[in-house]
2 protein chains.
Amino acid sequence: MTPSIRVALVEDNTRLREQLAQFIAAAPGFACVGACADAATALATLPAAAPEVVLMDIRLPGMSGVECVARLKARLPEVKVVMLTAYDDSETIFQALENGASGYLLKRTPPADLLRSIQEVQNGGAPMNSHIARLVVQSFHRRGSSPRSCENLTTREEEVLRLVAQGFINKEIAESLGISLETVRQHLKNCYAKLHVRTRTEAAMKVFR
Amino acid sequence: MTPSIRVALVEDNTRLREQLAQFIAAAPGFACVGACADAATALATLPAAAPEVVLMDIRLPGMSGVECVARLKARLPEVKVVMLTAYDDSETIFQALENGASGYLLKRTPPADLLRSIQEVQNGGAPMNSHIARLVVQSFHRRGSSPRSCENLTTREEEVLRLVAQGFINKEIAESLGISLETVRQHLKNCYAKLHVRTRTEAAMKVFR
DNA sequence: CGATTTCTCCCCCGAACGGGGTATGGCCAG
DNA sequence: CTGGCCATACCCCGTTCGGGGGAGAAATCG
């Protein structure tokens, strides 16, 4: 048979932590190699315990779960972290993901689903509940479409600004587009006016953040 | 009972399209209100059909599925689009999501799972297979942490660059930080050298995209 | 302690930029 | 057909940038 998945917990609620630890330890194919009550303990003990998957509460006493993920990933780059949260805390979702979390589940997730999610993340997936998945996907919608900011920009203006955002100077942009330097400058002037900015950097950040 | 979910298909393979259309039409709680073979037909007929969810093949003759999503969302902002793809085409995933797609599934998804995914997207979820979910989550890992790029920057250098990214000119940054204009320039020179860029815009985009 | 890093300031100079004009040709809607 | 929008192009002029130097004070690290 395949070896058990090594799982660790970081959860300050003693009752829930022990409940989960027992459940995971008892499940075939899973091993519980750690159950910490706070971030400091996790950072001190988990590197030695070498878990493959960590379930981490997002609200912890002292250091937050988000901060803990970042530090833990620094020492165990291969570890997969699934955040657990009581409410779907939109604010911190993205911070956690940026810091290296691979999944995001609600605490009320049924234990059986939790085990499935652990397997999923171990197999390279990214388990998350549907509401959170939607938020993640929505964050893409805003990015590419450039909502209000560039709505007024013409095709050409946006094209020029895209090259500006890539760090090209006007002369290079002119050559790249096969137009005059002066024309590039003219398009940029129009961009500045429409976006209410005064510099190329501000324009680029506004449209292509 | 709740009304059926209005579903439309855009899929060039006739066999698969009709198979899916029949399956959806036959399923309780689902109605198939359109089945188009290409993007042009979809754009022409779907606004009138008013589907709530569209299953869209990513590879279509003529206009690509990605392009089609963008245009369709422009006319039907409320429609939820789930992309279907034969292989997990990493290249186009992000383009599709940026253009407004809400989900991303493989064609080999079992029909029963497909129905569940349609319900999920209708309820505000974002169905996607686990491999794609991982890619999406990974795209966040790179973003926030600013991996190699700004690791070498000193506190002050990053501070200056942050103001650059907000569109301030050196003179304003100097006043804001209470230091000399020359010092600001010096910090920026160091940034450029460390980031291997030549302009403030390129540096800003590299560190604060 | 000495070496290194960081932050601070200064000069010169050529290139790049931003704002102000003006103008021509194409295209589309009223 | 006329006015508006778009893309193209040019001029002047003052400001800003970026690269090249040099240099001192403080902090940090071996």
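Note that the coordinates shown come from a computational prediction; the quantities given were computed from them, not determined experimentally.
We find that CG of B/Leu153 is positioned 10 Å from P of C/dT6, with the value rounded to whole Å. Between the OH atom of A/Tyr192 and the P atom of C/dC17 there is a distance of 8 Å, rounded to whole Å. The distance between atom CD of B/Glu158 and atom C1' of C/dT6, rounded to the nearest whole Å, is 15 Å. Note: CD (A/Glu202) to C1' (C/dG18) measures 13 Å, nearest angstrom. Separating the NZ atom of A/Lys189 from the C1' atom of C/dC17 is a distance of 10 Å, rounded to the nearest angstrom. Atom P of nucleotide D/dG20 and atom CG of B/Leu188 are separated by 15 Å, given to the nearest angstrom. Counting to the nearest Å, the P atom of C/dC7 and the CD atom of B/Glu157 are 6 Å from each other. Straight-line distance from the CD atom of A/Gln186 to the P atom of D/dC11: 14 Å, rounded to whole Å.
Considering only side-chain N and O atoms, A/Arg156 lies under 4.0 angstrom from the phosphate OP1 or OP2 of D/dT8. Neither OP1 nor OP2 of C/dC17 sits under 4.0 Å from any side-chain N or O of A/Thr199.
Nearer to the 5' terminus of DNA chain C, by closest-nucleotide assignment, is the contact made by B/Asn190 (compared with the other of B/Asn190 and A/Arg200).
Smallest separation of non-hydrogen atoms from B/Leu60 and B/Gly65: CD1-CA, 3.9 Å.
Between A/Asp57 and A/Lys107 there is a salt bridge, with a side-chain nitrogen of the basic residue lying less than 4.0 Å from a carboxylate oxygen of the acidic one.
Contacts of B/Arg198 with the nucleic acid, taken as non-hydrogen atoms under 4.0 Å apart, involve only primed sugar atoms and P, OP1 or OP2.
DNA chain D is contacted by B/Ile169, B/Asn170, B/Lys171 of residues 167-184 of chain B, taking any non-hydrogen atom closer than 4.0 Å.
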Q: Using the side chain to side chain contact (heavy atoms under 4.5 Å, CB included) rule, take B/Gln122 and B/Val7 through it: C-alpha gap first, then chi angles, then the decisive distance, then the call.
A: CA-CA 10 Å; B/Gln122 177 67 0; B/Val7 182; over 6 Å; no

**Q.** Intermediate values then yes/no, side chain to side chain contact (heavy atoms under 4.5 Å, CB included), B/Ile118 and B/Leu55
**A.** CA-CA 9 Å; B/Ile118 292 172; B/Leu55 303 182; 4.1 Å; yes

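Only one option out of B/Leu46, B/Ile24, B/Val54 pairs with B/Leu9 in a side-chain contact (heavy atoms from CB on, under 4.5 Å); it is B/Ile24. When the options B/Glu158, B/Glu159, B/Gln166 are evaluated for a side chain to side chain donor-acceptor pair (under 3.5 Å) with B/Arg162, the one that passes is B/Glu158.
Between the side chain of B/Asn123 and the backbone N or O of B/Gly125, no donor-acceptor pair lies under 3.5 Å.
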